[in-house]
Amino acid sequence: MKYPTTPDGRYFVHQERLWRCTNPNLDEAERQRFVNELMAARRQVCVAKRADDDAALTVARARVNAAKISLGERGPTWWDDDTDFTRCLVKNTPYAKWWAERDA
């Protein structure tokens with residue numbers, strides 16, 4: 001499923017909220033390595049939840065977070081300024097006009 005992406009490529013929109021895109025400056029091999037780590041960490045979260053293992057769940061969630069930071073989806077922004085509208089409703093951000101007019 002393809003989500004609408006802001007004109008500057010920083011965010012995609014899902015359920016009218018902005019979510020940070022992966023850093024486009026990563027080379028493909030590096031990006032794929034981080035995606036593989038993210039998927040492995042997410043599987044580890046599922047295993048820990050099924051086992052009701054809180055310690056393993058904490059470790060797995062930390063791995064997910066680290067992978068998302070490496071991908072640029074969390075942590076410091078990969079663009080020139082520090083403004084970050086992740087999780088904000090698109091209508092409450094500078095992207096509101098773009099969002100309202102995209103289908104017009």
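Treat the numbers as computed from the prediction; the structure is a model and nothing was measured.
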List the steps, then state whether side chain to side chain contact (heavy atoms under 4.5 Å, CB included) holds for Tyr95 with Val90. CA-CA 6 Å; Tyr95 300 100; Val90 68; 3.9 Å; yes
Report whether Phe12 and Leu38 are members of the same hydrophobic cluster (ILVMFWY, side-chain heavy atoms less than 4.5 Å apart, transitive linking).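 Each belongs to a different hydrophobic cluster.
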Quick one: do Val45 and Val47 end up in the same hydrophobic cluster if we chain Ile, Leu, Val, Met, Phe, Trp and Tyr together by side-chain heavy atoms under 4.5 Å apart?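 No; Val47 is not reachable from Val45 via cluster members.
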Using 0.5 Å steps for rounding, measure from the [atom1] atom of [X] to the [atom2] atom of [Y].
X: Phe85; Y: Thr77; atom1: CZ; atom2: OG1; result: 11.0 Å
X: Leu89; Y: Thr93; atom1: CG; atom2: OG1; result: 9.0 Å
X: Leu71; Y: Trp78; atom1: CG; atom2: CH2; result: 12.0 Å
X: Arg33; Y: Leu26; atom1: CZ; atom2: CG; result: 9.5 Å
X: Thr22; Y: Glu73; atom1: OG1; atom2: CD; result: 3.5 Å
X: Leu18; Y: Asn92; atom1: CG; atom2: CG; result: 9.5 Å

Crowded around Gln15 CD? As in, over 12 foreign heavy atoms under 6.0 Å?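 No - once you tally the heavy atoms of other residues, nucleotides and ligands closer than 6.0 Å, there are 12 at most.
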Return yes when atom CG of Asp52 has more than 12 non-hydrogen atoms of other residues, nucleotides or ligands closer than 6.0 Å, and no otherwise.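 No - once you tally the heavy atoms of other residues, nucleotides and ligands closer than 6.0 Å, there are 12 at most.
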Report the C-alpha distance between Lys68 and Val64 in whole Å, list the side-chain angles of each, state the deciding distance to 0.1 Å, and finish with yes or no for side chain to side chain contact (heavy atoms under 4.5 Å, CB included). CA-CA 6 Å; Lys68 290 184 96 33; Val64 167; 4.0 Å; yes
If a pair satisfies salt bridge (charged side-chain N to carboxylate O under 4.0 Å, His left out) and one of its residues is in residues 74-85, list it, with sequence neighbours excluded.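 Qualifying pairs, neighbours excluded: Arg10-Asp81, Arg20-Asp84.
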Is the distance between the ring centroids of Trp79 and Tyr11 less than 6.0 Å?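 Here the rings of Tyr11 and Trp79 have centres that are less than 6.0 Å from each other.
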Between Ser70 and Glu37, a side-chain donor and acceptor under 3.5 Å: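 No, Glu37 and Ser70 have no side-chain donor paired with an acceptor closer than 3.5 Å.
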Give a yes/no verdict on a cation-pi contact between Arg102 and Trp99, requiring under 6.0 Å between NZ or CZ and the six-membered ring centre and an angle within 45° of the axis.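 Yes, a cation-pi geometry.
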